[in-house]
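None of these values were measured; they are calculated from a predicted model.
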Amino acid sequence: MPQQSLEQLLSRVQKPGRYVGGELNSIHKDPSQVKLRFAFCFPDTYEIGMSHLGMKILYGLLNSRPEIWCERVFAPWTDFDQELSQAGLPLYGLESMDPLSEFHILGFTLQYELSYTTILRMLELGGIPLLSSERAGLKGLVIAGGPCACNPEPLADFIDLFVLGEGEEVTLELAELYMESLRLGDSREAFLQKAAGLEGVYVPSLYDAAYHPDGTLASLTPKEGAPARVRKRILRELDRAYYPDRFVVPFLDTVHDRVIAEVMRGCVRGCRFCQAGFLYRPLREKAPGTLLRDCRSLCESTGYEEISLSSLSTSDYSQLEPLLGRLTGYTDQNRINLSLPSLRIDNFSRELVEKIAAVRKSGLTFAPEAGTQRLRDVINKGITREDVLDSCAKAFAGGYTSVKLYFMLGLPTETEADLLGILELAQQVVDLYYRTPERPKGKSVSVTVSVSTFVPKPFTPFQYEPQDTLETIDQKHRLLTANIPSRKITLKYHESHASVLEAVLARGDRRLGRVLLTAYRKGCRLDSWEECFRFDLWQEAFAECGLDMAFYASRPRPLEELLPWSHLDYGVSEEFLRRENRLAHRGEITPNCRQSCAGCGAARFGIGVCLEGRENQ
């Protein structure tokens, strides 16, 4: 890309540091000396993408191979998007400044359904045909992975292949296969047929979908030797898996601007709404020694002065106390702060308060999820009102004056009493503060109630449940707003239109490809940003394509219905999900994986907490 032209563009945009590259620890290679150029594409802004741990891992992993050069690509904000378009300049990789059309593979991470139109925008800005059927030859292969790949069907028209599950091993296998296909002169079709033979790789063009007259899926038939079911990939030993010893240090403040140490993958809890808790089963842990090594090397290579111990539920890490004992010696000596996100209410201790107080004295977040015990049992949250109040009491005694409580609205079987229970619980927390003798003297308490709309997701027991309609969501918002009992309580809720579209895309079929393309052509992109989101344009796109949002979002599904993702295997059986759905409607809880095995199906992997259970038998 002409450097002078780029400099002129950057002088007219906000935050030009997003687009210049050259950060500490970024990796530069001679393109003439590599066999495979890989663009890791994050369909959101630089600040969001640079906080993503998966990008850090795959960027380092791919670049550890001398014959592969992986570069980073982020979605431009609206100002730079406009400047690129007007100047006729392409979207480019940050390391080389070469356009996307120069790369062999473009790999997108699917973290959020509302990023889908942004993927199309990045492809078009990079000079890549949007439809996979319009691409020829091996160059410009578009792949995608991440949690939203568990239902890839809405993107089937645009993505050449999807990676299901954990990407470290299969991404390298794909790279090897691709370089071999380049050497052999294979066609794109020949390569895709070979790729479909790798465990964890789904090629949508090798499957034909048929629908019943009522619009439900009738069949998804494999062809040309593709497997009938595609099984996710999983790392068997985290301690032996690749983990970077350096992160690219951004020029700008990012969402998570710190060392991230991944303590474990998976979760022992069985919260019935939580997709990640099922997708990443079974739970596997890293040893304290491995984590200490990771933290030291990353702090030394980046200069960061904060470490975050990351997982779906960090306080469930079985060796947390020994880890903290070893880690705090290093962090105290080097004046490095320690952050423990994702703490469970029911194992929140005074010791943990002391560990995190230096970093998070401004406030703590707890997630009761539901306002009554009845509904918490429906969702299998596994906590009680006493757990919530006990954790808040420890926080107040530890010097905290601000607590954020996270709830969901529209959960299955929810009643008005459940909604009002949210405010009742918040008021009990306020009252508790003033009954706590060790509370900070002379300071008032602040309780923020954050309410998000429930979105049913694939591979959860609630994948069959309807989402509330927009009208019902608005009614519930008004009910909560009208009944706030104290000025100490602040109520916040999320944009409901975005939640509805999220539900549509999360459980959609491949007919939504036409809707995505239509919405994109109307101007939809960066839909996860409130200032960019245009629900009216999405409504127009659905109407023009003859499809109904309510069919995907608010329609209850029979437990026997063939779902668009039924041919994908994430290790959790449909029988288990149906059984958990029935238990939810009876208000019965399922013990967590360390208490007893619920027979979800993940034991077939023979690793992690499932192996612990077998050893204890």
Side-chain angles (χ1 to χ4, degrees), residues 112-118 148 151 154 214-216 272-273 275 369-371 375 378-379 406-423 449-458 460 462-484 491-509 511-512 514-516 518-520 522-557 561 563-564:
Y112 186 35
E113 291 85 354
L114 267 60
S115 70
Y116 291 174
T117 55
T118 305
C148 292
N151 178 23
D214 65 357
T216 58
R272 292 171 176 138
F273 59 85
Q275 187 182 54
E369 310 291 2
L375 193 53
V378 167
I379 65 177
Y406 183 88
F407 298 90
M408 279 186 288
L409 174 151
L411 288 163
T413 80
E414 181 183 74
T415 66
E416 184 174 304
D418 296 315
L419 283 173
L420 295 177
I422 292 173
L423 300 175
V449 173
S450 178
V451 180
S452 66
T453 301
F454 164 68
V455 177
K457 292 292 182 88
T460 70
F462 290 160
Q463 65 183 2
Y464 313 98
E465 298 294 330
Q467 185 186 50
D468 278 349
T469 64
L470 281 171
E471 293 75 21
T472 302
I473 295 169
D474 290 342
Q475 289 171 7
K476 292 181 177 181
H477 285 165
R478 289 195 297 269
L479 176 68
L480 289 171
T481 302
N483 286 279
I484 299 173
L491 175 66
K492 296 182 179 179
Y493 47 81
H494 298 277
E495 216 283 331
S496 54
H497 292 86
S499 297
V500 170
L501 182 60
E502 181 183 347
V504 169
L505 296 174
R507 294 190 294 176
D509 51 49
R511 293 175 299 179
L512 290 188
R514 290 186 295 122
V515 180
L516 276 169
T518 303
Y520 169 67
K522 288 177 175 291
C524 292
R525 60 209 60 169
L526 293 171
D527 294 303
S528 59
W529 293 83
E530 187 175 346
E531 55 266 55
C532 300
F533 183 52
R534 290 287 305 277
F535 191 66
D536 58 327
L537 298 182
W538 278 99
Q539 289 176 308
E540 292 176 11
F542 270 89
E544 291 179 16
C545 294
L547 293 173
D548 183 8
M549 285 193 189
F551 175 83
Y552 297 100
S554 55
R555 176 180 64 89
R557 287 152 174 75
E561 181 174 323
L563 302 171

Practice item. Side-chain contact test, heavy atoms from C-beta onward, threshold under 4.5 Å: evaluate it for Pro412 versus Phe273 and give yes or no. Key: no
Revision key, fill the gap. Between Leu419 and Glu414 the two heavy atoms that sit nearest each other are CD2-OE2, 3.6 Å
Practice item. Report the distance from atom CZ of Phe533 to atom SG of Cys524, rounding to the nearest 0.5 Å. Key: 8.0 Å
Point to revise | Worked check of side-chain contact (heavy atoms from CB on, under 4.5 Å) between Thr453 and His494 | key: CA-CA 7 Å; Thr453 301; His494 298 277; 5.9 Å; no
Point to revise | Contact check, side chains of Ser554 and Met549, non-hydrogen atoms, under 4.5 Å | key: no
Check your understanding: Would you call the rings of His477 and Tyr493 parallel, tilted or perpendicular if under 30° counts as parallel and over 60° as perpendicular?
Key -> parallel
Check your understanding: Nearest heavy-atom pair of Lys476 and Leu409: which atoms, and what distance?
Key -> CB-CD1, 3.5 Å
**Study point:** Criterion side chain to side chain contact (heavy atoms under 4.5 Å, CB included) against Asp527, the qualifying member of Trp538, Tyr520, Phe535, Tyr116
**Key:** Trp538
**Study point:** Stepwise side-chain contact (heavy atoms from CB on, under 4.5 Å) check, Asp548 with Arg555
**Key:** CA-CA 10 Å; Asp548 183 8; Arg555 176 180 64 89; over 6 Å; no
Exercise for review: Determine, for Lys522 against Glu544, whether the closest basic-nitrogen to carboxylate-oxygen distance falls under 4.0 angstrom.
Suggested key: yes
Review point. Atom CG in Asn483, atom CG in Leu423: separation rounded to 0.5 Å?
Key: 6.5 Å
**Study point:** Residue pair Asp509 / Tyr552, side-chain donor-acceptor N/O under 3.5 Å
**Key:** yes
Exercise for review: Would you mind reporting whether Arg272 and Glu465 have side-chain heavy atoms less than 4.5 Å apart?
Suggested key: no
Revision key, fill the gap. Heavy atoms of Cys148 and Tyr112 approach each other most closely as SG-N, 3.6 Å
**Study point:** Neighbour count >12 (heavy atoms, 6.0 Å) for atom CD, Glu530
**Key:** no
Check your understanding: Only one of Asp474, Thr469, Leu470 forms a side chain to side chain contact (heavy atoms under 4.5 Å, CB included) with Thr472, so which one is it?
Key -> Thr469
Review point. Are any side-chain N or O atoms of Thr118 and backbone N or O atoms of Leu526, one a donor and one an acceptor, separated by less than 3.5 Å?
Key: yes
**Study point:** Side chain Arg557, main chain Leu563, donor-acceptor under 3.5 Å
**Key:** no
Point to revise | Non-hydrogen side-chain atoms of Phe407 and Asp418 separated by less than 4.5 Å | key: no
Check your understanding: Do Leu411 and Val378 have side chains that get closer than 4.5 Å, going by heavy atoms?
Key -> no
Check your understanding: Do Lys457 and Glu502 pass the side-chain contact (heavy atoms from CB on, under 4.5 Å) test, and can you show the C-alpha distance, the side-chain angles, and the key distance before you say yes or no?
Key -> CA-CA 9 Å; Lys457 292 292 182 88; Glu502 181 183 347; 3.1 Å; yes
Exercise for review: Give the minimum heavy-atom separation between Val504 and Ala553, together with the two atoms involved.
Suggested key: CG2-CB, 3.8 Å
Review point. Which pair of non-hydrogen atoms, one from Leu505 and one from Asn151, has the smallest distance, and what is that distance?
Key: O-ND2, 4.1 Å
Point to revise | Spacing of Thr216 atom OG1 and Phe551 atom CZ [to the nearest 0.5 Å] | key: 6.0 Å
Exercise for review: Using a strict 4.0 Å threshold on nitrogen-to-oxygen distance, state whether Arg507 and Glu113 make a salt bridge.
Suggested key: no
Check your understanding: Stepwise, does the side-chain contact (heavy atoms from CB on, under 4.5 Å) test hold for Gln463 with Gln275?
Key -> CA-CA 9 Å; Gln463 65 183 2; Gln275 187 182 54; over 6 Å; no
Point to revise | Expected output: side-chain Gln467 to main-chain Ser499 donor-acceptor under 3.5 Å | key: yes
Check your understanding: CD1 of Ile422 to CD of Glu369: how many Å apart, nearest 0.5 Å?
Key -> 10.0 Å
Practice item. Looking only at non-hydrogen atoms, find the nearest pair between Val451 and Met408 and report the distance. Key: CG1-C, 4.5 Å
